[in-house]
Structure formats: C-alpha cells, structure tokens
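Just passing along the structure, written as structure tokens.
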Amino acid sequence: MNYFSTRSLQKTGAAGAIAKGLAPDGGLFVPEQIPSISLDDLRQLCALDYRSRAVKIMGLYLEEFASAELEQFAASAYGAQFDDPAVAPVKSLNENTSFLELWYGPTCAFKDMALQMLPHLLTASLKKTGETRQVCILVATSGDTGKAALQGFADVPGTKIMVFYPHGGVSDVQRLQMVTQQGQNVGVSAVNGNFDDAQTGVKQIFGDAAMAERLSERGWFLSSANSINWGRLLPQIVYYISAYCDEVNAGRITMGEKINFVVPTGNFGNILAGWYAKQMGLPVNRFVCASNENNVLTEFIRTGTYNKNRPFHVTASPSMDILVSSNLERLLFTLSGSAPETDGYMRALREQGQYTVSAALLEKLQAEFSCGFCDDERTRAAIGRVWAEHHYLMDTHTAVAYQVLEDYRAETGDQTPAVVVSTASPFKFCDHVLRAVGGNADAPGVQLIDRLSETTGIPAPAPLAGLDQREVRFGSVVEKEAMPQAVESFLA
Ligand SMILES: *Cc1c(COP(=O)(O)O)cnc(C)c1O
C-alpha cells in the first residue's frame, strides 16, 4: 500500500513513510486507501489476544512486512514490560460506560502503546529502504511522549534519541522520568518556552536542508517519533478495535452495535487513530473530542475556525496543553480529499495563526465528531466524585474525558454505550489526583506517589517507585533558537 503526503500527493511505501516520518514537502503521510474489516473479521479478532490482534490489524497497512516479522515485533513490544497480560484492558464503570486503560506500559501512559512498537517498525523500515546512515530521533514532548520514546529507543543499535520538553511545562513526575533516563544513546533538554515552541523548533530542524546535509556527511539523518509519524498512529488503531472486541466478549454490546469513544485530546493523534478504525468498518457512532482549558479543538469542531491565537494555559492535564494539533492535518486531507486545500489551511495557520474550513468540510467533521472541554476545577471534582461513587481512580486527562462525556450526555441525551479512553495512570499526576480525593498534597510530586497509594489502597505502578532516588543525568535548559545547536553537539 502506498502513502501520500497531505500537501502534494508525493507517494511512498509504508517503510518509506515510517522511515521518513514527515514528508519532504512538510506534509504528513496518509494511507492511499483505508483497508476495511467486516463483522466477520471482527468476530475472528474477538478470539485473539492483544498481540495477535495487533499483528492482523497492522498487517493490513504494512504490505512490505511479513506476518512473522510483525509477530516478533508484537511479542517484544507488548511483552512482560506491560503490567497487565491483557495489555490494554477495558474496565466497566456502569451499564453504559467503560474505560479503555492504556497505561500498563513502562512509562504508565498511553504513549507506550505506540512507542514500544515504533522502534521495531522504524529499524525494520530503515533496512527495507536501504538506509545505511544512523538515525537520530528528535522529539518535542508535552510530557509523556518524551519518556515513552526514550524508553522505547534506549540502547537500540543504530539510533540516538534527543528529547526537548517545555521548561516548567511538565509535571514533576514526568520531568524526573525523563532526566533520569538510562541509556548510552539518549539526550534530554528543557526549552525556554511552551510545548508549541518546542514542537515548532523540532519542525524547523526537520526542514533545515543545510543542517541535514552536514549531519548526513557525518553519517546521520533525523527522524521523528512524534505522532506525526505513521508508525506512531498505526499501533494506536489496534486498541480501538481491541476494545470493541473486549466489549463484545464481555457481553456488554452485541456484535455490530455502535459505541461512542470519548478521547482526551491534545495533538489529535489518539482520536485520529480511532477515526481510522471507524473508517475501516468498526461500528462507532461518534467520537467525542475532549479538551482542557486549551480548548482550540472544541471551538474548531463547533465553528470550523481553528485559531491558535489565544492564551496558553498550563493545566492539571499537561499532556493536552497544546494549541497546534498536528494530526488534524491528516483528517482535513482525508475529509476534503484535496492536497491544495489542506496545504492552504496549513499555510494560513503558519502565517495568520488561524484558518476556517469550508462549509462542506465542517459538515463532514461534525457528522462524526462531538466535542467539549473541562477546566481543572471540574476535572478534580470528577475524579473525587467517581472515586467516591465507584471506587474507580482516574488521572486528570481521563477525568477531562469523563466529565466531557457527562456533559455530552446531558446536552444530547445520547445514551450510546461509551468507552472513555484512559490515557495515564492516576499515579503519574498524583498531586492533583490526591487533592481530588481529599488528600493532602503539600510535598513534591514524587513523594506523593506513596501517599496516594496509602490514601486509596491502590498499589503504585512499579516504574514510578523510587523515582526521586534515581540519578539526574540531564539538566540543561536551552533557548528555542539554540535547539539546532543542541542537536548538532549531541551528534558531534
Ligand atoms: C499525549 C497524551 C494525551 C493526548 O493525546 P494526543 O494523541 O496528543 O491527542 C492525552 N493524555 C495523556 C496522558 C497523554 O500522554
């Protein structure tokens, strides 16, 4: 199967798309056609475990990869480093609400679902495309991607990885997870600015032809582990289909019955993977796009105007503190069917910081997506309420989605069974969660992990234990203009 760039229809195979990350014209790669699955296929997937579901579903998009190869990838990506044998279990809250828990991986957030798989896909793609240079992965992170990418690529032969995070813009636990990362091939630096500054900086480095030339002479090329890489998105399609199968297996829905997914959204990567699953034939009624106070997507889905010229809020759900949702470009391309139209919107975003989609596109968007947002106060209230009523503990991102689901149901009366996509362990954001369940959070974040465990009787995930005793290896803070220099020295 071929992949197109959203901006110019340049084509490449799956391995080429994954190896490149971003298309040479600055666009994102999208599949030429979306493979379909029937209810019969779904029935067969119901009988399989998570790894085998991943092999079958990813294989539909990766013709250049043998299924034995994918089996090996799935076995090592979703092996013992996952704390739950189901890998991505679904837990039910009441008769029409469930949580898809995506945080049993080594960094306790959903990014592991893709970033445990990506190094396998990427190193194999490089071989298949005949690449002889070594790859340096560059990542801009709002918190969780950075650690998950470091963990996925640490000591992978033929690779290096450099992560930039916004100084003061990630949680205490997230920062410590990154700056204590082990591995000979890893680098981490804070950037003076917010996530969008870091992401823009990384995109500029990718677009710098002179720098690419210099690095190439030294045997290096740059690639991305951000969710702009198709190899990040593809593994995420799997868990939407897997969750549907689990709901059927549990007898909570019948095969073919439609469900809703509610997704806490930042860069639009997670929810977009769900939308691909629906295009494949998964019976989904609506996707509800949940935002925090950085509600640029709520406004976009309601009005058709995407406007990033607005105050940036640092919230209790920092992995969603994003004003430029990169993956939206893929959706705009597929809904409009036009590379020039997509390119026009993206140019307007770069030049004016905003764009308004056509009425036809807005109609298509609203036919599949609903939306809502939730501020920190209501987020914490939702955590406290669900804990008190159901003894179920949500992290702040999941709680944003849960509250938006309640608002959506109240507003629309839609009682379709809903799966809330749960994106992080509550222990990762323990200060807010502890306060929300009535605890005292007057100590640094990492010390609160044990306190949250004592208060709730839930054991803390092993990867978060002893974080404050680990050696801090990376302390640098750079200006955003100095990011290219930091990369050049890292590869010197
Ligand atoms: C990254 C992240 C999100 C947002 O996901 P996108 O794919 O960027 O929309 C939500 N919650 C958590 C915990 C995350 O780490």
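Order of appearance sets the numbers: ligands from 1, and atoms from 1 within every ligand. Every value quoted in this text rests on a predicted model; they were computed, and no experiment measured them.
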*Of Y78, F82, W103, which meets side chain to side chain contact (heavy atoms under 4.5 Å, CB included) against D112?*
F82

*With sequence neighbours excluded, give me every salt bridge (charged side-chain N to carboxylate O under 4.0 Å, His left out) pair touching residues 165-180.*
D172-R175

*Qualifying residues under side chain to side chain contact (heavy atoms under 4.5 Å, CB included), relative to T412, sequence neighbours excluded*: Y408, D414

*With Q447 via side chain to side chain contact (heavy atoms under 4.5 Å, CB included) - residues at least two apart*: A443, P444, D468

Ligand 1 polar-atom proximity to protein (N/O, under 3.5 Å):
from     : atom 1 : to   : atom 2 : distance (Å)
ligand 1 : 7 (O)  : G269 : N      : 3.2
ligand 1 : 7 (O)  : N270 : N      : 2.9
ligand 1 : 8 (O)  : N267 : N      : 2.7
ligand 1 : 9 (O)  : G266 : N      : 2.8
ligand 1 : 9 (O)  : N267 : N      : 3.2
ligand 1 : 9 (O)  : F268 : N      : 3.1
ligand 1 : 11 (N) : T423 : OG1    : 2.8
ligand 1 : 15 (O) : K111 : NZ     : 2.6
ligand 1 : 15 (O) : D144 : OD2    : 2.5

*With distance as the sole criterion, is a donor-acceptor pair present between the side chains of Y392 and N94 under 3.5 Å?*
no

*Salt bridge check: are E406 and R378 linked by an N-O gap of less than 4.0 Å?*
no

